[in-house]
There are 2 protein chains.
Amino acid sequence: MSHTLGIRQAQKQKTRQALLDAALGLLEEQSLSSLGLREVTRAVGIAPTAFYRHFRSTADLGVELVEAALGSLHPMIESTVSDAGDSDERITRAVDLIARHVDAYPAHVRFIARERHGGVQPVREAIRRQLARFAEEVKVALAEHPESAGWSDEDLLMLAGLYVDQMLMTASQFLEAQEGGAEERDRVARMATQRLRLISIGRHHWKD
Amino acid sequence: MSHTLGIRQAQKQKTRQALLDAALGLLEEQSLSSLGLREVTRAVGIAPTAFYRHFRSTADLGVELVEAALGSLHPMIESTVSDAGDSDERITRAVDLIARHVDAYPAHVRFIARERHGGVQPVREAIRRQLARFAEEVKVALAEHPESAGWSDEDLLMLAGLYVDQMLMTASQFLEAQEGGAEERDRVARMATQRLRLISIGRHHWKD
DNA sequence: AATTCCAGAGAACAGTTGTTAACTGCATGG
DNA sequence: CCATGCAGTTAACAACTGTTCTCTGGAATT
């Protein structure tokens, strides 16, 4: 159905993706505000000037990285909240899902955690917008649960935001624990599980 | 009682403090990993080489900034948790305290939020250590409350960590809302209050 | 087949960076 | 009062940065 895009545009998208990947790699040990344009092109193996064919600046590249990173996170959120099952097993499954995601896309998680409060305003803004969108989706999903009867819209959004923040926090903690041994990761998993349990309990007694 | 420290060491500490302050100012619109040594000395008005009389590198300076920033935050934590009073008014007072702190030391708050997951490993480590210390203190304070009867040590630490993270999160949100109008700050305050309420409810029903 | 288009190369620009070395002047301790 | 110590200066280094302009080769269009 999609017509074959031509050799030309295909190559362009290929080097463009290479730039994004290289940047993500370099950002493992620095922040975006110190990432140099030449540094990225050197890692890809193209001339510095060719960078401008794809991005206006490294900040621009950063904004696109936000889409990529949070795009990969998006399906996870849905399956975390919307799915049914016992409350406790829903929680352990969510934590497990986060752990797997961190293992699969560590650079994405690191990028979001780092640049959410980072030194590049447009990137912060992009992350903030996407996370607000996530929270909105979670809110809608929560509203369908029977436990949410009598909840105000604002309180539902509060809870959704709490879940989203908690998810990011947990992901970042898994990332830090990645270097450490398996017992360190287990500790993070247990802590995160208990946090979610406490939130869940608070949620069920909210109406009192 | 403290003997007068001499003109010499006094001047040294003065320019040293000037370097720290200048760095904190420059870090409002960038991250530590892109902060240049020359940039800082230029802002202070001394020669670049004089920097080495005080710090080995900008990362070194960053570690000292952690002590300064979290030192100012330390007394706040105590008065947040340990003080008595009705649960609800304790919460609103805590949120108010956070808001005041952000107004008083915005650069400190920004620095911690930014560098907690930032690109400079020694600084991340320093922040992590200090926050762990905070959580430990909060845990001890919580253990004294009558509501904490029957809680395991690990669960108490989980709750303490949740409080600390929540405090930082709220502070960072107040900072973002600082540019916005008063209604934006009110929204943040309300959200934070409700989050703490939910956590408090979960805490009281934990034993079930 | 002839023409246009455009991703990437190459060279050059004015600045910037961290770090070294050898210095100066002044407060300090003997 | 004189010798030492040391915060800060000056000069110079090689290496790096973002950005502009001009050029080229091959795919795309006509």
Side-chain angles (χ1 to χ4, degrees), chain A residues 2-23 25-65 115 118-123, chain B residues 2-23 25-65 115 118-123:
Chain A
S2 72
H3 104 334
T4 6
L5 202 64
I7 301 177
R8 195 158 181 130
Q9 304 235 357
Q11 257 302 336
K12 177 165 186 180
Q13 285 207 343
K14 206 165 149 190
T15 68
R16 175 195 169 87
Q17 190 58 47
L19 285 169
L20 289 167
D21 290 345
L26 291 166
L27 283 174
E28 290 194 6
E29 37 203 20
Q30 65 183 309
S31 359
L32 185 63
S33 79
S34 66
L35 182 70
L37 158 169
R38 299 182 98 108
E39 201 177 350
V40 182
T41 56
R42 194 185 313 131
V44 172
I46 63 174
T49 53
F51 184 90
Y52 293 105
R53 300 286 175 194
H54 302 274
F55 308 100
R56 232 179 302 245
S57 65
T58 55
D60 218 54
L61 181 150
V63 172
E64 306 248 358
L65 276 180
E115 301 304 329
V120 184
Q121 202 251 355
V123 172
Chain B
S2 73
H3 103 335
T4 8
L5 202 65
I7 302 176
R8 192 151 186 142
Q9 304 234 358
Q11 258 300 338
K12 175 164 185 181
Q13 285 207 345
K14 207 165 147 189
T15 67
R16 176 196 168 85
Q17 190 56 47
L19 285 168
L20 289 166
D21 289 345
L26 291 165
L27 284 174
E28 291 194 6
E29 35 203 19
Q30 66 184 307
S31 1
L32 185 63
S33 81
S34 67
L35 182 69
L37 156 170
R38 298 182 98 106
E39 202 177 350
V40 182
T41 57
R42 196 186 310 130
V44 171
I46 62 174
T49 52
F51 184 91
Y52 293 106
R53 300 286 174 192
H54 303 274
F55 308 101
R56 233 179 301 246
S57 65
T58 56
D60 218 53
L61 181 151
V63 171
E64 306 247 359
L65 276 180
E115 301 304 330
V120 183
Q121 201 251 355
V123 172

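Below, read A as the first sequence line, B as the second, and so on, with proteins coming before strands; counting in each chain starts at 1. Being a predicted model, the structure only gives us computed values, none of them experimental.
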> Regarding A/Phe51, tell me which of base, sugar-phosphate or nothing describes its non-hydrogen contacts under 4.0 Å with the strands shown.
nothing

> Just compare C/dG8, C/dG10, C/dT19 and give me whichever is closest to any side-chain atom of B/Tyr52.
C/dT19

> Any chance you could measure A/Phe51, atom CZ, to A/Thr41, atom OG1, to the nearest 0.5 Å?
8.0 Å

> Atom CD in B/Glu64, atom CD in B/Gln17: separation rounded to 0.5 Å?
10.0 Å

> Please list, in 5' to 3' order, the outermost nucleotides of DNA chain D lying under 4.0 Å from any heavy atom of chain B.
D/dG5 to D/dA12

> Among C/dT17, C/dG10, C/dA7, which nucleotide sits nearest the side chain of B/Glu39?
C/dT17

> What contact category does B/Arg16 fall into here, base, sugar-phosphate, or nothing, at under 4.0 angstrom with non-hydrogen atoms?
nothing

> Work out which heavy atom in A/Val63 is nearest to a heavy atom in A/Val123; give both atom names and the distance.
N-CG2, 3.8 Å

> Grab the two heavy atoms, one from A/Glu39 and one from A/Leu26, that are nearest each other, plus how far apart they are.
O-CD1, 3.8 Å

> Is there a donor in the side chain of A/Ser34 and an acceptor in the side chain of B/Ser34, or the other way round, less than 3.5 Å apart?
no

> What distance do A/Thr49 atom OG1 and A/Arg38 atom CZ have between them, rounded to the nearest 0.5 Å?
9.0 Å

> Looking at A/Thr15, I'd like to know whether one of its side-chain N or O atoms comes within less than 4.0 Å of OP1 or OP2 on C/dG8.
yes

> Return the value, rounded to whole Å, for the distance between atom CD1 of B/Ile7 and atom P of C/dG29.
11 Å

> Both B/Gln9 and A/Lys12 contact DNA chain C. Which one's nearest nucleotide lies toward the 5' end?
A/Lys12

> Any residue in residues 27-38 of chain B with a heavy atom nearer than 4.0 angstrom to DNA chain C? Just list them by number, or reply none.
B/Gly36, B/Leu37, B/Arg38

> Starting from the 5' end of DNA chain C, give me the residue, A/Arg8 or A/Ala47, whose nearest nucleotide shows up first.
A/Arg8

> With a 4.0 Å cut-off on heavy atoms, is B/Ser57 in touch with a base, just the backbone sugar-phosphate, or nothing at all?
nothing

> Please give, in whole Å, the distance from C/dG25 C1' to B/Gln11 CD?
14 Å

> Closest nucleotide of DNA chain D for B/Gly45 versus for A/Arg56: which of these residues is on the 5' side?
B/Gly45

> Could you grab the distance from atom CG of A/Leu65 to atom OG1 of A/Thr58, nearest 0.5 Å is fine?
10.5 Å

> A/Leu19 has an atom CG; how far is it from atom P of C/dA7, in whole Å?
13 Å

